**Q** 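Let me give you the structure first, and then I'll get to my questions.
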Amino acid sequence: MNRGVKISILGAGRVGSTVAHTIAVQGLASQIVLVDIFKDKAKGEALDIRQGAAVMDMPVDVIAGDYADTVDSDIVIFTLGAARKPGQTRIDLAKGNVEIIESVIPEVVKYSPDAKYVVVSNPVDIITYTILKISGLPESQVIGTGCLLDTARLRDEVATYAQVSPKNIHLNVYGEHGATAMIPWSRGTIYGENIDKYFADRPELTWPSHEEILADVHGAGGKVIGLKGATFFAVSVVTAYVVDTILHDAKTVMPLSTMLHGQFGLDDVCISLPCVLGARGIEKVNTPIMSDEEIAEFIKSGNSLKEITAKLGL
């Protein structure tokens, strides 16, 4: 399965190396290339993963290399950039990571112009926007993981309260992957039943307010960072899910960050809405039905991102 698939990962830190390991274990590539400014770190991570390949279901060649080694990649994954530090503003984080991405894009795109580019680096919406603005790549080829991780966290929490599998929770997070992300509660269901009604009909179950759940989603990453210092397992599984969806042309609908062109009156901003993802990348951006209040929240989120790109001069 998927023999001949080449995936390059830019950044061999905790996220990049865990993404590489997850992709290797899931048998999604025959070759993985790790690129990092810290070459020995990349070599060590590649060697550590490759040494387990002999007992994996699918053999995989994992190497550390330079941009030239990424040539003809099917998928390129961006995990470059610094993590947000305590007290650091989103603008400060964005500025530093945008500068890194701007220096990298010309190097990697010239070797793999037809690759699908999966963006994990934060702030993911701003980085996705930056790549689209300076790369010349079609919008379909640049896929920001956006609110997919937020959605996974949300479904896990709701499922815990509902005492069912997260797979039975049909509810997404839209907007910015960050402080202004919003939840369209009017569309949420469990077993096809409205979520609020589901809990109202089962008084034995605990159900916090929408505001409490949203606060938990906003703070989910910070909670993990406070407990263990970083987040990398969940985002790696989410990234592998995106890769798997592309490779299998699954046409799965998921909240991804992409450029908007008039949806809810927003233009020239990358933000998460439900997208159809397949072998060609983002094949369609859906405009979900939401309440007037939810639409206002989404627009607020989009304008917040536009303010950041304006301040950065993008």
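What you see is a predicted model; the values in this text were computed from it and never measured.
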**Q** Supply the atom-to-atom distance Arg50 CZ to Ile32 CD1, rounded to the nearest 0.5 angstrom.
**A**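 The distance works out to 11.0 Å.
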**Q** Do Ile246 and Ile143 touch side chain to side chain, with heavy atoms closer than 4.5 Å?
**A** yes
**Q** Does the side chain of His210 reach to within under 4.5 Å of the side chain of Asp196, using non-hydrogen atoms?
**A**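 Touching, per the 4.5 Å side-chain cut-off.
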**Q** Looking at Asp36 and Lys43, is there a salt bridge between them, counting it only when a charged N and a carboxylate O are closer than 4.0 Å?
**A**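 A salt bridge is absent here (no side-chain N lies under 4.0 Å from a carboxylate O).
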**Q** Between His218 and Gly178, what is the shortest heavy-atom contact and its length?
**A** CD2-O, 3.6 Å
**Q** Between Lys251 and Asp249, does at least one N-O distance fall below 4.0 Å, as a salt bridge requires?
**A** yes
**Q** Keeping to residues at least two apart or across chains, list the side-chain hydrogen bond (donor to acceptor under 3.5 Å, both in side chains) pairs with something in residues 59-71.
**A**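 Of all non-adjacent pairs touching residues 59-71, those that pass side-chain hydrogen bond (donor to acceptor under 3.5 Å, both in side chains) are Lys39-Asp66.
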**Q** Heavy atoms, side chains only, cut-off 4.5 Å: are Leu247 and Leu28 in contact?
**A**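 Leu247 reaches Leu28 side chain to side chain.
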**Q** For Glu102, check salt bridge (charged side-chain N to carboxylate O under 4.0 Å, His left out) against everything at least two apart and list the hits.
**A**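 Partners of Glu102 by the salt bridge (charged side-chain N to carboxylate O under 4.0 Å, His left out) criterion come out as none, since no residue qualifies.
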**Q** With a 4.5 Å limit on heavy-atom distance, are the side chains of Thr239 and Val237 in contact?
**A** no
**Q** Classify the angle between the aromatic ring planes of Tyr191 and Tyr198 as parallel (below 30°), tilted (30 to 60°) or perpendicular (above 60°).
**A**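 Answer is tilted, since the angle falls between 30° and 60°.
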**Q** Over 60° means perpendicular and under 30° means parallel, so tell me whether Tyr117 and Phe78 are parallel, tilted or perpendicular.
**A** tilted
**Q** Using the ring centroid of each side chain, check whether Phe298 and Tyr174 are separated by less than 6.0 Å.
**A** no
